[in-house]
Amino acid sequence: VDLDALEAAARGLLTENAWGYYSSGADDELTLAENVVAWRRVRLRPRVLRDVSVIDTSTSVLGIPVRLPVLVAPSAYQRMAHDDGERATARGAAAAGTVMCAATLATVSLEDVAAAAPDAPRWMQVYVSRDRGVTAEMVRRAAAAGYSALIFTVDLPVLGNRRADERNAFALPAGRLMANFGAAHPSVEGGSALAEHVRTDLDPALTYDDIGWLREVSGLPVLVKGVLRGDDARACVDAGAAGVVVSNHGGRQLDTAVATADVLAEVVDAVAGDVEVLVDGGVRRGTDVVKALALGARAVLVGRPVLWGLAVGGDKGVAEMFEVLRDELARAMALCGVRTVGEISRDLLAR
Ligand code: FNR
Ligand code: LAC
């Protein structure tokens with residue numbers, strides 16, 4: 001079993017509306033495809049004769065111990081994949097020993113996500129509303145519910161053009177709410193209800209000052225997600241970010257944006273060890289994880305693979321997906337001659 005097989009199984013279980021929303025990228029989906037290909041293009045230079053009889057995939061992220069350097073990327077509307085939605089994802093992540101990242105646009109409230117896996121580490125992803133009071137209240141609730149960091153997503157000033165969602169007139173199924181606000185989507189004739197929500201509700205006027213604002217109102221460290229350039233990463237750190245996530249939103253926003261594997265080193269070098277750098281987009285193999293860490297990422301996040309696991313097997317499916325990646329990572333590490341995550345360094349890469 002690998003993630004390709006999991007994707008195929010999930011596809012058969014989801015409605016056209018849900019599959020289209022989960023799988024699609026923006027416009028011609030060039031960045032969506034390139035994210036995967038860019039990891040595959042990188043070649044490894046394995047070490048030999050290093051006694052790899054014991055392999056340890058554990059590490060820590062922002063001081064949180066994890067069993068593997070792979071975290072749950074925030075993704076919206078998980079009750080379209082499984083009735084338990086984000087609750088199951090939180091339990092699956094807890095079973096796998098990693099961090100759950102809940103989304104602003106979740107279909108289970110942040111308090112209920114916390115209650116599903118009370119002892120497990122969790123972060124809260126933030127979209128900022130035009131009405132700042134709404135966002136201030138949400139991040140204060142997150143702090144109160146034991147979320148230990150905010151993921152501030154900055155690559156969505158407007159929604160990318162997802163053609164499948166326009167074609168399907170994407171909408172949340174009946175009974176599914178934006179649970180953090182107890183609200184249904186605005187209804188739209190013909191087009192995507194998400195596009196309408198973003199247009200009417202989210203603030204397109206965000207600046208670096210909002211990093212400090214979120215930190216102040218929540219009291220939590222802020223990681224900035226959606227950075228693709230070294231100069232932007234530096235500016236985020238100077239504005240008080242506790243970390244950056246190199247991401248193009250899984251190819252769902254600006255099509256033809258660079259693949260994350262191709263800009264990770266630039267971002268790592270720009271922040272020069274001042275903060276931890278995470279990365280997501282197209283990570284599907286244990287070797288991809290080795291490459292991301294070799295380029296200097298502290299850990300990676302996976303988006304769609306979590307949804308595939310959720311669709312196929314709820315919390316157990318999510319845990320199983322992480323187990324597959326952990327097995328692949330352990331094998332790749334042994335074959336690279338590294339015993340611990342800390343031994344993964346840039347000299348493992350051919351360039
Ligand atoms: C996302 N992503 C996302 N990101 C975010 O910050 N807030 C969100 O609400 C969502 N929602 C969302 C829904 C769906 C269906 C997908 C597939 C993705 C982006 C996500 O966090 C991550 O950046 C990408 O999914 C990573 O790429 P892969 O692993 O899916 O290739
Ligand atoms: C998406 C948003 C909600 O990518 O982040 O669909």
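Counting starts at 1 for both ligands and their atoms, following the listed order.
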Below 4.5 Å, heavy atoms only, C-beta onward: do [X] and [Y] meet side chain to side chain?
X	Y	result
Val324	Leu6	no
Phe322	Arg67	no
Glu266	Val258	no

Lys/Arg-Asp/Glu bridge criterion (N-O < 4.0 Å) met for Asp2, Arg285
yes

Inspect the contact between Arg41 and Glu34 and indicate whether a charged nitrogen and a carboxylate oxygen are less than 4.0 angstrom apart.
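Salt bridge present between Glu34 and Arg41.
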
With atoms numbered from 1 as shown, which atoms in ligand 1 lie under 4.0 angstrom from a non-hydrogen atom of [X]?
X	answer
Gly281	26 (C), 27 (O), 31 (O)
Leu307	15 (C)
Ser247	23 (O)
Tyr22	15 (C), 17 (C)
Gly303	25 (O), 28 (P), 29 (O), 30 (O)

Ligand 1 N/O within reach of Lys225 N/O, cut-off under 3.5 Å
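Yes, at least one N or O pair falls under 3.5 Å.
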
For ligand 1 and Val302, I'd like to know whether there is a polar contact (N/O to N/O, distance under 3.5 Å).
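N/O-N/O distance below 3.5 Å does not exist for this pair.
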
Counting only heavy atoms, which portion of [X] has something under 4.0 Å from ligand 1: side chain, backbone, both, or neither?
X	answer
Ala76	both
Tyr127	side chain
Arg284	side chain
Gln125	side chain
Thr153	side chain

With heavy-atom distances below 4.0 Å as the criterion, list the atoms of ligand 2 near [X].
X	value
His249	1 (C), 2 (C), 4 (O), 5 (O)
Arg162	1 (C), 4 (O), 6 (O)
Arg252	1 (C), 4 (O), 6 (O)

Given 3.5 Å as the limit, does a donor-acceptor pair link the side chain of [X] with the main chain of [Y], or not?
X	Y	answer
Arg163	Asn161	no
Glu86	Val113	no
Asp255	Thr31	yes

Cut-off 3.5 Å, no hydrogens considered: what does the side-chain donor-acceptor table look like for residues 292-304, sequence neighbours left out?
from	atom 1	to	atom 2	distance (Å)
Arg298	NE	Ser60	O	2.7
Arg298	NH2	Ser60	O	3.2
Arg298	NH2	Ser60	OG	3.0
Arg304	NE	Tyr22	O	2.9
Arg304	NH1	Gly250	O	3.3
Arg304	NH2	Ser24	O	3.1
Arg304	NH2	Gly250	O	2.9

Below a 4.0 angstrom heavy-atom separation, can you tell me which part of Leu194, side chain or backbone, both or neither, approaches ligand 2?
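Under 4.0 Å from ligand 2, Leu194 contributes side-chain atoms alone.
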
Verdict with supporting geometry, Leu44 and Val290, side chain to side chain contact (heavy atoms under 4.5 Å, CB included)
CA-CA 9 Å; Leu44 291 162; Val290 169; 4.1 Å; yes

Starting from [atom], which protein heavy atom do you reach first, and at what distance in Å?
atom	answer
atom 5 (O) of ligand 2	Tyr127 OH, 2.5 Å
atom 6 (O) of ligand 2	Tyr21 OH, 2.6 Å
atom 23 (O) of ligand 1	Asp280 OD2, 2.7 Å

Is it true that Leu156 lies under 4.0 Å from ligand 1, counting heavy atoms only?
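Distance cut 4.0 Å: Leu156 fails for ligand 1.
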
Considering Pro74, Ala103, Ala81, which one's heavy-atom position lies nearest to atom 20 (C) of ligand 1?
Pro74

Nearest heavy atom to atom 12 (C) of ligand 1 wins, so pick from Pro305, Gly282, Ser75, Gly251.
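Residue with the shortest heavy-atom distance to the ligand atom: Ser75.
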
Apply ring pair (Phe, Tyr, Trp, His ring centres under 6.0 Å) to His197 and list each qualifying residue two or more places apart in sequence or on a separate chain.
His185

